[in-house]
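Following: one structure in structure tokens, then a few remarks.
Just so it is clear: chains get the letters A, B, ... in the order the sequence lines come, proteins before strands, and each one is counted from 1.
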Amino acid sequence: MKKPVVRFAPSPTGYLHIGGARTALFNWLFARQNNGKFLLRIEDTDLERSKIEYVDQIKNALNWLGMDWDDDIIFQSKNNSNHQKVIKELIQSGDAYKCFLTKEELDNLRIQADKNKEVFRVPRTYRDTSEEKQNELIDEGRSYTIRLKVPEGITKFKDLVFGEIIVDNKDLDDFIISRSDGSPTYNFVVAIDDIAMDISHIIRGDDHIANTPKQILVYNALKKNVPIFAHLPMILGSDKKRLSKRHAATNVQEYRDKGFTPDSIINYLSLLGWNPDSNDEIFNINELIKLFNFKQVQKKSAVFDEKKLLWISGQKMKEMTSKDILKEILLIDKAWGKDHNNSYLESVISLTKDRSKNLIDIIDISDIFLINEVNYSDEFKSIMSDQNGTMIIKDFLNAVKIEESWDKQTVEKVFEQIMNQHDIGLGKVMKPLRIAISGISYGPGIFDMMILLGKDLTINRITNAINFYK
RNA sequence: GGCCCGUUCGUCUAGUGGUUAGGACUCAUGGUUUUCAUCCAUGCAACAGGGGUUCGAUCCCCCUACGGGCUGCCA
């Protein structure tokens with residue numbers, strides 16, 4: 001195969017959302033798998049809604065996800081002269097024509113057709129109007145659009161996902177390629193730019209399937225090779241509606257803030273509308289590059305399920321090294337653990353990561369190792385007073401104080417001592433101590449916690465707890 | 001209305017002209033664990049409906065229903 005050239009073409013009218021990220025991902029995977037090019041084109045022709053800050057957000061989000069693009073970013077608005085040139089060519093070749101029908105006329109015809117229960121078609125009134133007549137109309141001050149002459153016949157293409165799609169050209173109107181203000185329309189520019197960029201494979205959402213024949217007609221009129229199409233199923237919200245701003249979290253940035261790593265998101269996204277043809281579900285990016293193919297891409301739209309994302313993320317936390325996790329945490333919170341050295345922080349992470357679903361979980365659970373003062377809660381008063389907790393931790397404190405060394409063996413020995421002394425099980429001893437050193441009733445193993453905190457801090461916190469719960 | 005596309009557990013999906021329709025997430029139950037989580041085991045749970053074709057259809061064909069897209073001087 002000739003090295004493919006693909007593009008991701010978002011319009012900068014909002015941040016990068018999950019659906020866009022998935023489209024970008026499949027483009028990127030395909031390009032990287034085949035040593036092709038992944039180009040980024042910003043479709044900023046909607047001047048009203050396009051904003052430069054959205055361009056930055058899209059770039060940042062792609063960068064964060066690890067999808068690097070080749071060459072310079074292309075801004076569609078900068079191709080305007082080329083668009084105009086091609087429009088002229090098409091008029092000259094007779095493949096497009098000036099149409100003087102007004103919006104009002106068309107609206108009326110539409111209403112009329114609807115009333116008569118007829119299928120509305122744009123009339124081809126001006127298709128063969130002579131140049132003299134056209135000039136007359138222009139002199140009269142009539143405005144015009146430019147329409148493509150849709151030829152007789154059928155238009156078909158073989159979609160890599162959907163298979164062969166055939167459309168009868170008679171179901172297509174002579175569609176507008178240039179508005180009365182001279183600006184070109186979407187279905188036209190997209191084809192022109194893809195030609196200019198030498199795009200070989202167009203990979204995009206399946207909401208474009210119905211547009212594809214029109215774009216092919218533009219290619220045909222210009223006698224250009226039609227690229228290969230691969231349409232991807234949509235991603236839906238839990239209400240089965242197309243993912244939109246109304247849904248809870250659609251912004252890639254939000255998932256970053258929620259503590260998901262790029263690796264988790266990409267892994268999950270890859271499984272939406274695609275399957276690896278195996279029972280495996282956890283992949284890193286390099287594996288995905290190897291495995292991806294259009295044959296396994298689904299035609300059916302997929303519902304975004306945050307629960308599954310969470311599970312994948314949890315699996316990733318377990319398999320990532322503490323060092324790498326620390327790096328990721330620092331990316332979302334520069335100040336995290338700033339009072340401690342990296343080796344301590346990595347030890348903290350190694351105690352918390354297996355019980356965490358994402359980075360934010362780790363940060364939350366790790367808090368007890370980073371704070372200066374434990375926040376004790378009244379909620380545990382009964383354990384401390386009624387269940388003899390205060391006595392236990394006092395005895396533990398005294399026993400620990402006389403110990404010379406501080407390692408797991410020593411701590412376990414002291415625990416045993418207290419268990420015998422009070423004639424109770426480990427659970428009963430552990431609970432009040434856990435609360436004393438962390439302020440909460442759950443978390444990493446109590447021995448591990450004490451060892452990591454160190455003897456001084458352990459003593460210190462138990463003392464504070466005794467004072468608080470006395 | 002017209003054209004195009006889709007429909008397997010709640011969700012993501014595998015699958016084949018003959019299967020106990022498989023896996024994963026979720027959920028439930030049990031177990032391991034010093035707590036929580038993890039982990040392990042078990043369980044609940046699906047071929048949209050109707051016609052054909054066929055000895056036999058989840059699978060092939062047709063229709064219907066439902067959902068989506070396009071039908072714009074939006075992208």
Quiz prompt | Touch class at under 4.0 angstrom, heavy-atom based, for A:Leu101 against every strand present | solution = base
Exercise. Could you give the distance separating B:rU29 and B:rU34 at their P atoms, to the nearest angstrom?
Key: 22 Å
Exercise. May I ask you to say what A:Gln315 touches in the nucleic acid, namely base, sugar-phosphate or nothing, with a heavy-atom cut-off under 4.0 Å?
Key: sugar-phosphate
Quiz item: How is A:Pro233 classified with respect to the nucleic acid when contacts are heavy atoms under 4.0 Å: base, sugar-phosphate, or nothing?
Solution: nothing
Quiz item: In the structure shown, which nucleotide is the Watson-Crick or G-U wobble counterpart of B:rU19, with both distances under 3.5 Å?
Solution: none
Exercise. Return the nearest nucleotide to the side chain of A:Glu281; candidates are B:rC4, B:rA24, B:rA75.
Key: B:rA24
Quiz item: What side chain to side chain donor-acceptor pair (under 3.5 Å) pairs are there with at least one residue in residues 113-125 of chain A, not counting sequence neighbours?
Solution: A:Arg121-A:Asp173
Quiz item: For A:Gly205, which contact category applies under a 4.0 Å heavy-atom criterion: base, sugar-phosphate, or nothing?
Solution: nothing
Quiz item: Quick one: is B:rA75 close enough that its OP1 or OP2 comes under 4.0 Å of any side-chain N or O from A:Arg179?
Solution: yes
Exercise. May I ask you to say what A:Asn211 touches in the nucleic acid, namely base, sugar-phosphate or nothing, with a heavy-atom cut-off under 4.0 Å?
Key: base
Quiz prompt | Interatomic distance, A:Asp206 CG vs B:rG67 C1' [rounded to whole Å] | solution = 12 Å
Practice problem: Please determine, by modelled atom types, if A:Ser350 and A:Ser347 share a side-chain donor-acceptor pair under 3.5 angstrom. | Solution: no
Quiz item: Start at the 5' end of RNA chain B and walk down; is the nucleotide closest to A:Tyr268 or to A:Ser11 reached first?
Solution: A:Tyr268
Exercise. Please tell me which of the listed nucleotides, B:rG6, B:rA75, B:rG15, lies nearest to the side chain of A:Asp277?
Key: B:rG15
Exercise. Quick one: look up who B:rU54 pairs with, Watson-Crick or G-U, both distances under 3.5 Å, and put none if it's unpaired.
Key: none
Quiz item: Expressed in whole Å, how much space separates the C1' atoms belonging to B:rG52 and B:rC59?
Solution: 15 Å
Quiz item: Are any of A:Gln298's side-chain N or O atoms less than 4.0 Å away from OP1 or OP2 of B:rG6?
Solution: no
Quiz item: Taking any strand in view, what nucleotide pairs with B:rC70 in a Watson-Crick or G-U wobble way, both distances under 3.5 Å?
Solution: B:rG2
Quiz prompt | Integer angstrom distance from the C1' of B:rC66 to that of B:rG50 | solution = 14 Å
Practice problem: Look at all strands and tell whether A:Glu118 reaches a base, only sugar-phosphate, or nothing, counting heavy atoms closer than 4.0 Å. | Solution: nothing
Exercise. Determine the interatomic distance between P on B:rC12 and the same-named atom on B:rU19; round to the nearest Å.
Key: 27 Å
Practice problem: Considering only atom C1', compute the distance from B:rU13 to B:rG6 and round it to an integer number of Å. | Solution: 16 Å
Exercise. Using the C1' atoms only, state how far B:rG69 lies from B:rA45, rounded to an integer number of Å.
Key: 31 Å
Practice problem: Would you kindly compare A:Ile176 and A:Gly445 by the position of their nearest RNA chain B nucleotide and give the one closer to the 5′ end? | Solution: A:Gly445
Self-check item: Nucleotide B:rU71, atom P - distance to CG of A:Asp207 in whole Å
Solution: 11 Å
Quiz item: Among B:rU35, B:rC4, B:rU34, which nucleotide sits nearest the side chain of A:Arg355?
Solution: B:rU35
Quiz item: B:rU11, B:rC70, B:rG1: which one has an atom nearest the side-chain heavy atoms of A:Ala210?
Solution: B:rC70
Quiz item: Under 6.0 Å between ring centres, would you say that holds for A:Tyr469 and A:Tyr376?
Solution: yes
Exercise. Quote, to the nearest angstrom, the C1' distance that separates B:rC62 from B:rC44.
Key: 36 Å
Exercise. Answer with base, sugar-phosphate or nothing: what part of the nucleic acid does A:Phe447 contact at a heavy-atom distance below 4.0 Å?
Key: base
Quiz item: A:Met430 CE to B:rU33 P: how many Å, rounded?
Solution: 14 Å
Quiz item: Can A:Ser313 and A:Asn358 be counted as having a side-chain donor-acceptor contact under 3.5 angstrom?
Solution: no
Practice problem: Please measure how far the P atom in B:rU11 lies from the corresponding atom in B:rG68, and state the result in whole Å. | Solution: 15 Å
Exercise. Could you check how far CG of A:Leu272 sits from P of B:rU11, rounded to whole Å?
Key: 13 Å
Self-check item: Interatomic distance, A:Asp46 CG vs B:rG72 C1' [rounded to whole Å]
Solution: 13 Å
Quiz item: Where the side chain of A:Val167 is concerned, which of B:rA75, B:rC3, B:rC25 is the nearest nucleotide?
Solution: B:rC3
Self-check item: Closest heavy-atom pair and its distance - A:Thr410, A:Trp406
Solution: OG1-N, 4.3 Å
Quiz item: Rounded to whole angstroms, how far apart are CG on A:Asn275 and P on B:rG22?
Solution: 17 Å
Quiz item: Does B:rU11 have OP1 or OP2 sitting under 4.0 Å from an N or O in the side chain of A:Lys240?
Solution: yes
Practice problem: Take the angle between the ring planes of A:His231 and A:Phe229 and call it parallel below 30°, perpendicular above 60°, tilted in between. | Solution: parallel
Practice problem: Name the closest nucleotide to the A:Trp311 side chain, picking from B:rC4, B:rC25, B:rA75. | Solution: B:rC25
Exercise. For the residue pair A:Tyr15 and A:Tyr54, categorise the inter-ring angle as parallel (less than 30°), tilted (30 to 60°) or perpendicular (more than 60°).
Key: perpendicular
Quiz prompt | Residue list, ring-ring contact (aromatic ring centres under 6.0 Å, His included) with A:Phe8, at least two apart or on another chain | solution = none
Quiz item: Across all strands, who's sitting opposite B:rG43 as a Watson-Crick or G-U wobble pair, both distances under 3.5 Å?
Solution: B:rC27
Quiz prompt | Minimum-distance nucleotide to A:Asp171 side chain [options: B:rU8, B:rC25, B:rC3] | solution = B:rC3
Quiz prompt | Watson-Crick/G-U partner (both atom distances under 3.5 Å) of B:rA48 | solution = B:rU64
Practice problem: Kindly point out which of B:rG6, B:rC25, B:rC4 is positioned nearest to the side chain of A:Lys307? | Solution: B:rC25
Quiz item: Taking the side chain as C-beta and beyond, is there a heavy-atom pair between A:Trp274 and A:Leu288 under 4.5 Å?
Solution: yes
Exercise. Hunt down the Watson-Crick or G-U wobble partner of B:rU33, both distances under 3.5 Å, from any strand shown, or write none.
Key: none
Quiz item: Does A:Arg49 have a side-chain nitrogen or oxygen under 4.0 Å from the phosphate oxygens OP1 or OP2 of B:rC74?
Solution: no
Quiz item: A:Phe229 CZ to B:rC70 P: how many Å, rounded?
Solution: 17 Å
Quiz item: Below 3.5 Å, does any donor atom in the side chain of A:Ser180 face an acceptor in the base of B:rC73, or the other way round?
Solution: yes
Practice problem: Please tell me which of the listed nucleotides, B:rG69, B:rC73, B:rC12, lies nearest to the side chain of A:Lys103? | Solution: B:rC73
Exercise. Quick one: label A:Leu172 by what it contacts on the DNA or RNA (base, sugar-phosphate, nothing), any heavy atom closer than 4.0 Å.
Key: nothing
Quiz item: In whole Å, what is the span from the NZ atom of A:Lys299 to the P atom of B:rA14?
Solution: 10 Å
Quiz item: Which part of the nucleic acid, if any, lies within contact of A:Ile446, taking any heavy atom under 4.0 Å across all strands shown: a base, the sugar-phosphate backbone alone, or nothing?
Solution: base
Quiz item: If you look at every strand shown and take non-hydrogen atoms under 4.0 Å, does A:Arg110 touch a base, only sugar-phosphate, or nothing?
Solution: sugar-phosphate
Quiz item: With respect to the side chain of A:Asp305, which nucleotide from B:rU11, B:rU71, B:rG6 is positioned closest?
Solution: B:rU11
Exercise. Check whether any side-chain N or O of A:Lys300 sits under 4.0 Å from OP1 or OP2 of B:rG68, and answer yes or no.
Key: no
Quiz item: For the ring pair A:Phe304 and A:Tyr268, is the centre-to-centre distance below 6.0 Å?
Solution: yes
